[in-house]
4 protein chains.
Amino acid sequence: MENLLNKRKCILESALELINEQGFHGSPISKVAKNAGVAAGSIYTYFESKEELILGIYEYVSQNIKAYVSDRDDETLDFKSRFFNYWKNYTRFYELNPAQHGFYDQFLNSPFNSESSQQFPNVWHEWSFGFFQSGIDQGAIKNMNPTILAILVNSNINSVVKIKNNFKAKLARNNVDLEEISKLIWEGIKDDKPKVF
Amino acid sequence: MENLLNKRKCILESALELINEQGFHGSPISKVAKNAGVAAGSIYTYFESKEELILGIYEYVSQNIKAYVSDRDDETLDFKSRFFNYWKNYTRFYELNPAQHGFYDQFLNSPFNSESSQQFPNVWHEWSFGFFQSGIDQGAIKNMNPTILAILVNSNINSVVKIKNNFKAKLARNNVDLEEISKLIWEGIKDDKPKVF
Amino acid sequence: MENLLNKRKCILESALELINEQGFHGSPISKVAKNAGVAAGSIYTYFESKEELILGIYEYVSQNIKAYVSDRDDETLDFKSRFFNYWKNYTRFYELNPAQHGFYDQFLNSPFNSESSQQFPNVWHEWSFGFFQSGIDQGAIKNMNPTILAILVNSNINSVVKIKNNFKAKLARNNVDLEEISKLIWEGIKDDKPKVF
Amino acid sequence: MENLLNKRKCILESALELINEQGFHGSPISKVAKNAGVAAGSIYTYFESKEELILGIYEYVSQNIKAYVSDRDDETLDFKSRFFNYWKNYTRFYELNPAQHGFYDQFLNSPFNSESSQQFPNVWHEWSFGFFQSGIDQGAIKNMNPTILAILVNSNINSVVKIKNNFKAKLARNNVDLEEISKLIWEGIKDDKPKVF
DNA sequence: GATGAATGAGTTTTCATTCAT
DNA sequence: CATGAATGAAAACTCATTCAT
């Protein structure tokens, strides 16, 4: 039982790594198998097809992001603090797991996404939407569509991490500026309206 | 001469359309050729390989964006106005040319990008960097790395257009909120420091 | 002992059913196993290989046909009556056991037949040959090769049942005609020559 | 133009030969290609899939049988003579083209048949049905369903040729008996009823 | 004996690229 | 230059068979 779960995870990780480095094109089942240390046919014990494998990785990454960020969310704090924690932790997850970041980015803009995958609920998306909904409910942020809010915030986090990676050594000064992005976004979404009693 | 250019462009447009709809996977040379109304072999008169074709499309799209946005830039205006024009026109280009938007998005996150393509200068990137550099030079925006500025602004524009497309009919109110994003970003990057003489 | 025989028979029946419906191609060991409610590996306890399994089904079906027809043969009757009983009972067996009919038909024209299987004695063929031999010995039918006689009679029975199945509802009149076939064949093979004492 | 037709035919003949000898299982595309002297991929220029190839062979064989038998049919003769010509020529075709005979037999009892192929009109079946219909129309044979008649006659011809092939050397006497089969069938199907004026 | 995950050779099919016409 | 048939390497996937548990 343990072994089976491990082997499935082993294949997921192996494919994740390969796709991050080589793209979907450059990651045939044969390479994924070799990388995972199993026979090519064995992949089909755990995944019905290559597409199912890729959707499986998407689900796996989504769960990991959700676990990382939600575990570190403290609902007892005020929403502003929770927002900056969200930003910091999501950023950190990507920095600690560059392969998952790379995969996620490719996936979201690939034809694998938007076909079938969007029909299934995504734990991370749902958690993220709920997070922003609670901000709205508490009157901490403007009454916007939480889905839109989540997409905008998440795509900015994504961009920031990409920039950090590409410019890592070049400009120490940048990080300072990049940290500012979160504050900027916060200023944009926070609810300024005076509460009426 | 005219015909050759036309045929090359015809192949580019045909491939562009197909890749937007079907992705890189679903766009074999044979389909591109059929869609363009030429023989498969003829594509190799204009492009050395499929990879060259894809890089060619990237260059083509980059030129189109650059032409659209730079043609509508009025350097005599103050930078704030130019910034909002930039935002409006880049957004409009994507809305008018969804296939080019779709291709660009896929390309940027694919292994085609970041390998060889980033070595070559990209007219749009260069123009965009220069645009923000001039804002810095004029003291209108903060003294940040203009490359980073451009990436952040452009990825937000990209997100906003995607959201508009996906939520088109659903929420009339959203567009209002989405228009706010540009103001928000502007607030974040404009230079507030008092000028000292 | 009982269980072993039951399990072997269960696999045979399961494979029989599947091959009738899906053909040899569409009947991998894994499906046969699932259909029989055993593990794939267990099939190799009872059969050395897939080919042995198929030859085993052939033997099984042959025994069933032989048992059905021979049990209902009454050697005390005159040969003409026995012939029409043979025809009726073989026909009825196929009608009662369509999967066995379907398998048999496929098998006889497949490469599984004619390779190795024809070397082994087949109880049904032998009984059928003996049946016609006894007709010859009694002077009831012409002095032909009984093997040929058996093949001709059996292939006509096969055709008649197939036609019945395919045209079942369409033409009530046909059955009458089809019953005539047996009389026709009998007229052709009965020995008309006057017996000389 | 000529070459293309030739190559298609060459692939058909090559596959026909192989399937006759090795069955559908033992005839992978790679072998068919090697046998035909073309690359494996080239098969897919002429046939969409292996199934299409097999259906193509079926159509090819059907056309050949129809051409051979119909070319030798003389409609000016009385129907009895035409019937014996039909029998003789169909028999001869199978004897001259054993690979086509072998393929046809396998095909008819395979899952390839009865799925899709039966929906398409088959030139040979149609000609054969029409042949027996004309015998009925002329009052030469009983008023039966011509489809059933054709199936019965054709399956007897098939059996006879198979027997001839298998017992070729063994019994010279048999052929005499086998020739009798056609007479026997004729006796069974001819219309004995006195014509009433 | 029973199990079913693991294997890997073998199968069908695709597709970028070439080249004779 | 244009064509599109031909190529064959490589891809996804299947499945009979084995073997550790």
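Residue numbering restarts at 1 for every chain, and letters A, B, ... go by the order of the sequence lines.
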[N] OP1/OP2 closer than 4.0 Å to side-chain N/O of [X]:
{"X": "K7(C)", "N": "dA2(E)", "answer": "yes"}
{"X": "Y46(A)", "N": "dA6(E)", "answer": "yes"}
{"X": "T45(B)", "N": "dA2(F)", "answer": "yes"}
{"X": "S30(C)", "N": "dC15(F)", "answer": "no"}

Looking only at side chains, do [X] and [Y] share a donor and an acceptor under 3.5 Å apart?
{"X": "Y104(A)", "Y": "N158(A)", "result": "no"}
{"X": "Y60(D)", "Y": "Q100(D)", "result": "no"}
{"X": "N97(D)", "Y": "N64(D)", "result": "no"}

Query raised in the report: Want to settle it: does F24(C) or S49(A) sit nearer the 5' end of DNA chain F, counting the closest nucleotide to each?
Result: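 Here S49(A) is the residue nearer the 5' end.
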Query raised in the report: Relative to the 5' end of DNA chain F, which residue comes earlier, A40(D) or A39(B), by the nucleotide with the nearest heavy atom?
Result: A39(B)
What is the distance, to the nearest angstrom, from the [atom1] atom on [X] to the [atom2] atom on [N]?
{"X": "Y44(C)", "N": "dG4(E)", "atom1": "OH", "atom2": "C1'", "value": "13 Å"}
{"X": "E52(B)", "N": "dA16(E)", "atom1": "CD", "atom2": "C1'", "value": "14 Å"}
{"X": "N6(B)", "N": "dA2(F)", "atom1": "CG", "atom2": "C1'", "value": "16 Å"}
{"X": "F47(A)", "N": "dA6(E)", "atom1": "CZ", "atom2": "P", "value": "12 Å"}
{"X": "K50(A)", "N": "dT14(F)", "atom1": "NZ", "atom2": "C1'", "value": "17 Å"}
{"X": "K34(B)", "N": "dT3(F)", "atom1": "NZ", "atom2": "P", "value": "14 Å"}
{"X": "L53(A)", "N": "dC13(F)", "atom1": "CG", "atom2": "C1'", "value": "13 Å"}
{"X": "I43(D)", "N": "dG8(F)", "atom1": "CD1", "atom2": "C1'", "value": "13 Å"}

Report task. Can you tell me which stems involve DNA chain F, if a stem is defined as three or more consecutive Watson-Crick or G-U wobble pairs, both distances under 3.5 Å? Result ->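 Stem segments, range with range: E:2-21 with F:2-21.
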Report task. Using the six-membered ring wherever Trp is involved, compare the ring planes of F107(B) and F112(B) and label them parallel, tilted or perpendicular (cut-offs 30° and 60°). Result -> parallel
Query - Parallel, tilted or perpendicular: rings of Y94(C) and H101(C) (30°, 60°) - result: parallel
**Report entry** S42(D) side chain, from C-beta outward: closest of dT17(E), dA6(F), dA16(F)
**Finding:**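 Minimum distance to the S42(D) side chain belongs to dA6(F).
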Requested in this report: Counting heavy atoms from C-beta on, name the nucleotide in dC15(E), dT12(E), dA12(F) closest to the side chain of P28(B).
Outcome: dC15(E)
Query - DNA chain E: 5'-proximal contact among G37(C) and V38(A) (nearest heavy atom) - result: G37(C)
Query raised in the report: Under a 4.5 Å cut-off applied to non-hydrogen side-chain atoms, are Q106(D) and P111(C) in contact?
Result: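 Yes, side chains in contact.
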Requested in this report: Indicate the atoms forming the closest heavy-atom contact of W124(C) with S62(C), along with that distance.
Outcome: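 Reported closest heavy-atom pair: CB-O, 3.3 Å.
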Query raised in the report: Is it true that a side-chain atom of N35(C) and a backbone atom of S14(C) form a donor plus acceptor pair closer than 3.5 Å?
Result: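 Yes, the answer is positive, given that a donor and an acceptor are paired below the 3.5 Å cut-off.
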Requested in this report: Using a heavy-atom cut-off of under 4.0 Å over every strand shown, decide if I29(A) touches base, sugar-phosphate, or nothing.
Outcome: sugar-phosphate
